[in-house]
2 protein chains.
Amino acid sequence: MAYRILCVEDNPEIGKLLSEQLINAGHACDWVTDGEAALTALYRDTTGPRYDLVMLDLMLPRMDGLEVCRRLRRRDSLTPVLMVTAKAATRDVVEGLEIGADDYVTKPFQLPILLARVQALLRRGQQRASGDDDIGGTPPLVCGPLVIDTDQHRVELDGEPVQLTGKEFALLSLFARHPGHSFCRGELLDRVWGEEFNGYDHTVNTHINRLRNKIEADPARPRFIETVWGVGYRFTSRCDAASPDAGVGGESP
Amino acid sequence: MAYRILCVEDNPEIGKLLSEQLINAGHACDWVTDGEAALTALYRDTTGPRYDLVMLDLMLPRMDGLEVCRRLRRRDSLTPVLMVTAKAATRDVVEGLEIGADDYVTKPFQLPILLARVQALLRRGQQRASGDDDIGGTPPLVCGPLVIDTDQHRVELDGEPVQLTGKEFALLSLFARHPGHSFCRGELLDRVWGEEFNGYDHTVNTHINRLRNKIEADPARPRFIETVWGVGYRFTSRCDAASPDAGVGGESP
DNA sequence: TCGTCACGTGATGATTTCGTGATGAATTGC
DNA sequence: GCAATTCATCACGAAATCATCACGTGACGA
């Protein structure tokens with residue numbers, strides 16, 4: 001799938017090579033040659049992040065790459081930054097990473113490695129980007145036997161499709177994006193129903209109940225959605241208890 | 001900021017070095033020495049993701065590091081993986097990243113760089129957990145073998161989850177946030193039960209008792225929650241007092 | 001118009017947690 | 001040593017919390 005990448009590189013040979021390769025890999029790549037142009041490009045659109053990844057050289061005309069990164073991070077801590085530079089000293093690498101880079105590659109680089117690192121960053125960044133309202137292009141979320149495709153609004157359990165209603169799907173995908181986090185009922189109402197909804201907390205119970213009946217082998221002993229007493233509910237990524245003796249009424253406290 | 005890290009490394013020198021350094025940096029680090037143990041540790045019976053980061057050597061006994069990563073990714077696309085290995089060939093790096101690693105460091109490594117990369121991954125992973133919304137953000141509280149995660153409303157002892165009730169959890173996390181401080185019963189009632197509660201002081205006793213039964217190996221000789229005679233209770237300040245045998249360490253009998 | 005479906009609410013029974021009293025053990029002060 | 005506190009531990013009923021079912025409503029399409 002196509003991602004938007006900003007390449008900041010003053011060396012024309014390297015810049016040309018990189019943008020060609022990135023476009024070749026199927027991405028949309030803009031290439032600028034100095035720090036101020038980089039910031040301009042990054043902030044051109046205020047409605048959302050303009051790029052899914054920034055490749056940043058450090059020694060740049062008009063504004064240092066570190067400074068670009070610093071300013072970017074001041075406004076946007078999400079867009080992944082990959083520093084590509086000749087500065088290979090230990091303290092340079094550490095400084096770059098501490099300022100907010102997500103990865104750091106020193107020149108001369110192996111092109112395949114650089115591209116693989118780009119892919120890894122895009123993959124990771126994309127998962128993060130899937131907020132509560134899902135935009136297209138998000139890869140499915142895999143949680144053990146559960147596959148949740150927010151894009152297609154589809155859920156599979158052990159390869160079998162599961163039919164969920166709107167609220168059930170919204171609940172499950174919220175849970176799956178925050179495995180382990182304990183949500184209280186009010187929080188769930190806010191995030192799934194919307195803050196303007198004012199109904200009863202125990203509406204959540206009913207929906208959790210219906211959801212469990214669809215995805216749990218034994219709804220009384222839920223494997224995915226646990227009850228946190230006095231708090232709310234929590235999604236589990238306890239994937240290993242796949243099927244050894246699921247459903248057998250053994251009592252092992 | 002304390003995070004939970006799993007270090008998979010069969011070389012005892014490097015494993016020791018890494019886990020020491022990570023603990024030194026304030027994290028909770030478990031160290032295993034082969035691939036199967038890694039998977040076991042990752043998917044031990046538990047709720048939620050067990051670790052915030054996995055450091056993975058590739059050449060391992062019993063199961064290849066790549067295979068570990070592959071299997072992990074089959075069930076969990078979120079936990080960040082940092083490969084640390086001597087395999088430095090371009091195709092190795094590319095393969096590792098493609099399989100699902102988020103970063104790849106070759107041996108011999110510069111320790112400061114490695115630690116900076118760990119920090120960068122944790123930072124990114126934390127945002128991933130919080131996403132565009134503001135969920136999460138509170139790293140777990142680590143007191144030696146005790147890990148208290150307010151976010152997930154979860155407690156681990158020596159890596160094993162401990163089931164606590166609401167009051168028990170509130171008590172323990174209050175204690176853990178003030179190690180060494182002696183709380184009298186009235187103070188505990190005020191801060192855990194609320195000032196409007198008017199019950200008996202010795203209600204606290206019962207809850208401390210129940211709590212000890214769950215987290216102390218020998219409740220009669222408490223390691224965490226000490227009794228201060230005539231005053232109240234105190235959480236041990238020697239948080240690093242790991243249990244002698246059930247530690248994070250490798251397999252040194 | 002009717003049937004179907006998703007959803008919210010109420011009611012009921014089951015489960016878990018909580019507070020209290022009672023009793024025995026540990027500690028302190030004399 | 002001995003009495004007086006103070007604490008640990010256990011059991012039990014009350015209260016809080018949760019699971020489950022049934023029903024009514026409104027939306028939507030046949």
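Every chain is numbered from 1 and lettered A, B, ... according to where its sequence line falls, protein lines coming before strand lines. If you're wondering where the values come from, they're calculated on a predicted model, not measured in any experiment.
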**Item:** Polar side-chain atom of A:Asp158 near backbone of A:Glu160 as donor-acceptor pair, under 3.5 Å
**Value:** no
**Complete:** Per-nucleotide protein contact along nucleotides 5-15 of chain D, 5' to 3', at a 4.0 Å heavy-atom cut-off (B base, S sugar-phosphate only, - neither), is -BSBBB-----
**Request:** Please report, rounded to the nearest Å, how far the P atom of C:dC7 is from the CZ atom of A:Phe169.
**Result:** 13 Å
**Message:** Please confirm whether the shortest side-chain N or O distance from A:Thr203 to OP1 or OP2 of C:dC7 is below 4.0 Å.
**Reply:** no
**Request:** Establish, for the pair A:Arg191 and A:Phe183, whether the NZ or CZ atom is under 6.0 angstrom from the six-membered ring centre and no further than 45 degrees off its axis.
**Result:** no
**Asked** Given the rule in the side chain to side chain donor-acceptor pair (under 3.5 Å) test, do A:Arg50 and A:Tyr43 qualify, once you have shown the distances and angles that lead to the verdict?
**Response** CA-CA 7 Å; A:Arg50 267 201 66 74; A:Tyr43 293 153; over 6 Å; no
**Request:** Round to a whole Å and report the spacing from NE2 of B:His153 to C1' of D:dT17.
**Result:** 14 Å
**Item:** A:Asp102 with A:Arg73: basic N within carboxylate O range, under 4.0 Å
**Value:** yes
**Pi-cation contact, A:Trp193 with A:Lys167 (under 6.0 Å, within 45°)** = yes
**Message:** So, does A:Tyr200 get its side chain near the phosphate of C:dG8, meaning an N or O under 4.0 Å from OP1 or OP2?
**Reply:** no
**Along DNA chain C (nearest heavy atom to each residue), the more 5'-positioned of B:Leu164 and A:Leu164** = A:Leu164
**Item:** OP1 or OP2 of C:dG8 under 4.0 Å from side-chain N/O of A:Trp193
**Value:** yes
**Request:** For B:His207 and C:dG21, give me the distance from atom NE2 to atom P, rounded to whole Å.
**Result:** 14 Å
**Item:** Rounded distance (Å) that lies between atom P of C:dT16 and atom CZ of A:Arg221
**Value:** 10 Å
**Request:** From the options B:His178, B:Glu226, B:His181, select the one residue that forms a side chain to side chain donor-acceptor pair (under 3.5 Å) with B:Arg234.
**Result:** B:Glu226
**Prompt:** What integer distance in Å separates B:Glu168:CD from C:dG19:C1'?
**Reply:** 13 Å
**Message:** Rounded to whole Å, how long is the line connecting atom NZ of A:Lys167 with atom C1' of C:dA6?
**Reply:** 9 Å
